[in-house]
Amino acid sequence: MLKENATLTTLSLFQNNIGDSGVRYFSEALKENVTLTTLNLCENDIGVEGARYFSEALKENVTLTTLNLCENDIGVEGARYFSEALKENVTLITLNLYKNDIGVEGARYFSEALKENVTITSLDFDDNDIGIEGARYIAEVLRENVTLTT
């Protein structure tokens, strides 16, 4: 349905426990969808596999500008998948990863991606235990990245 939908621009599935299996379906649809710009999947038990599926979709999707994945559990490996996708994605502007346990290494992966990404303007890493070292990675990339504003 989402693959062929020509009108839906915003979809919120906050707290629906769709998990990695559910994300797999959305990811396949997102590869072909040309209207959805905002997707909220906050608190849906999405883990590393879900992050992998979504990352693949972000490499192909040309319309999604806002993705909210707050309070899931993508972890360090999920952060690696997303950071790779951000190197290729040219439409995503806002990414909310609040409380996803990405840690120091996740911050490092994202800092590398943000050296190449020229569209992200807002990135939320709140409550991810990135520590001083992770903060240093992000601070370093802010010297080079000219698009991040919040």
Side-chain angles (χ1 to χ4, degrees), residues 1-3 5-130 134-135 137-138 141-142 145 147-150:
M1 180 178 162
L2 190 58
K3 283 183 181 182
N5 185 286
T7 57
L8 186 68
T9 59
T10 301
L11 178 60
S12 180
L13 294 169
F14 176 75
Q15 285 185 328
N16 274 289
N17 299 312
I18 64 171
D20 293 340
S21 298
V23 166
R24 185 176 191 174
Y25 296 116
F26 278 104
S27 298
E28 289 303 314
L30 278 176
K31 290 178 182 179
E32 298 178 35
N33 179 276
V34 294
T35 58
L36 195 67
T37 59
T38 302
L39 181 58
N40 181 355
L41 293 175
C42 190
E43 292 186 46
N44 270 291
D45 297 320
I46 298 167
V48 174
E49 284 304 301
R52 184 174 61 84
Y53 296 136
F54 240 113
S55 297
E56 291 303 314
L58 285 177
K59 290 177 183 178
E60 297 180 37
N61 181 275
V62 294
T63 57
L64 197 66
T65 59
T66 302
L67 178 58
N68 186 350
L69 291 170
C70 74
E71 297 191 56
N72 283 289
D73 192 24
I74 68 165
V76 174
E77 281 303 299
R80 184 175 61 85
Y81 290 129
F82 271 108
S83 64
E84 290 302 315
L86 289 182
K87 291 177 183 178
E88 297 180 36
N89 181 278
V90 294
T91 58
L92 199 64
I93 295 170
T94 302
L95 179 59
N96 184 349
L97 292 173
Y98 164 77
K99 207 170 187 178
N100 265 280
D101 199 28
I102 67 167
V104 174
E105 284 302 300
R108 184 177 63 82
Y109 290 133
F110 276 106
S111 70
E112 292 169 4
L114 292 170
K115 290 176 184 175
E116 297 178 37
N117 182 285
V118 295
T119 57
I120 292 281
T121 61
S122 179
L123 186 58
D124 187 340
F125 278 161
D126 286 350
D127 204 5
N128 270 293
D129 198 26
I130 66 170
Y137 289 130
I138 300 301
V141 79
L142 291 177
N145 183 291
T147 57
L148 274 175
T149 58
T150 58

If the condition is side chain to side chain contact (heavy atoms under 4.5 Å, CB included), which residues does Asp20 pass it with, not counting sequence neighbours?
Ile46, Glu49

Are the side chains of [Y] and [X] in contact, using a 4.5 Å heavy-atom criterion?
X	Y	value
Asn33	Thr63	yes
Ile93	Thr91	no
Phe82	Leu67	yes
Thr94	Thr65	no

Apply side chain to side chain contact (heavy atoms under 4.5 Å, CB included) to residues Val76 and Tyr109 and explain how you reach the verdict.
CA-CA 9 Å; Val76 174; Tyr109 290 133; 3.8 Å; yes

Nearest heavy-atom pair of Gly106 and Ala79: which atoms, and what distance?
CA-CB, 3.6 Å

To the closest 0.5 Å, what do you measure between [atom1] ([X]) and [atom2] ([Y])?
X	Y	atom1	atom2	result
Asn96	Ser122	CG	OG	8.0 Å
Asn68	Ser12	CG	OG	8.0 Å
Asn44	Leu13	CG	CG	6.5 Å
Gln15	Glu43	CD	CD	4.0 Å
Lys59	Ser27	NZ	OG	12.0 Å
Glu84	Glu112	CD	CD	8.0 Å

As a quick check of understanding, evaluate side chain to side chain contact (heavy atoms under 4.5 Å, CB included) for Ile18 and Phe26, giving each step before the final call.
CA-CA 10 Å; Ile18 64 171; Phe26 278 104; 3.9 Å; yes

Pair Thr119, Asn117 - check side chain to side chain contact (heavy atoms under 4.5 Å, CB included), show working.
CA-CA 6 Å; Thr119 57; Asn117 182 285; 3.4 Å; yes

Leu95: which of Leu58, Leu123, Asp124 passes side chain to side chain contact (heavy atoms under 4.5 Å, CB included)
Leu123

Using modelled atom types and a 3.5 Å cut-off, is there a donor and acceptor pairing between side-chain atoms of Asn100 and backbone atoms of Leu97?
yes

Test item: Asp45 side-chain N/O and Asn17 main-chain N/O as donor-acceptor pair under 3.5 Å
no

Set out, in order, the CA-CA distance, both residues' side-chain angles and the distance that settles side chain to side chain contact (heavy atoms under 4.5 Å, CB included) for Leu11 and Thr38, then state yes or no.
CA-CA 6 Å; Leu11 178 60; Thr38 302; over 6 Å; no

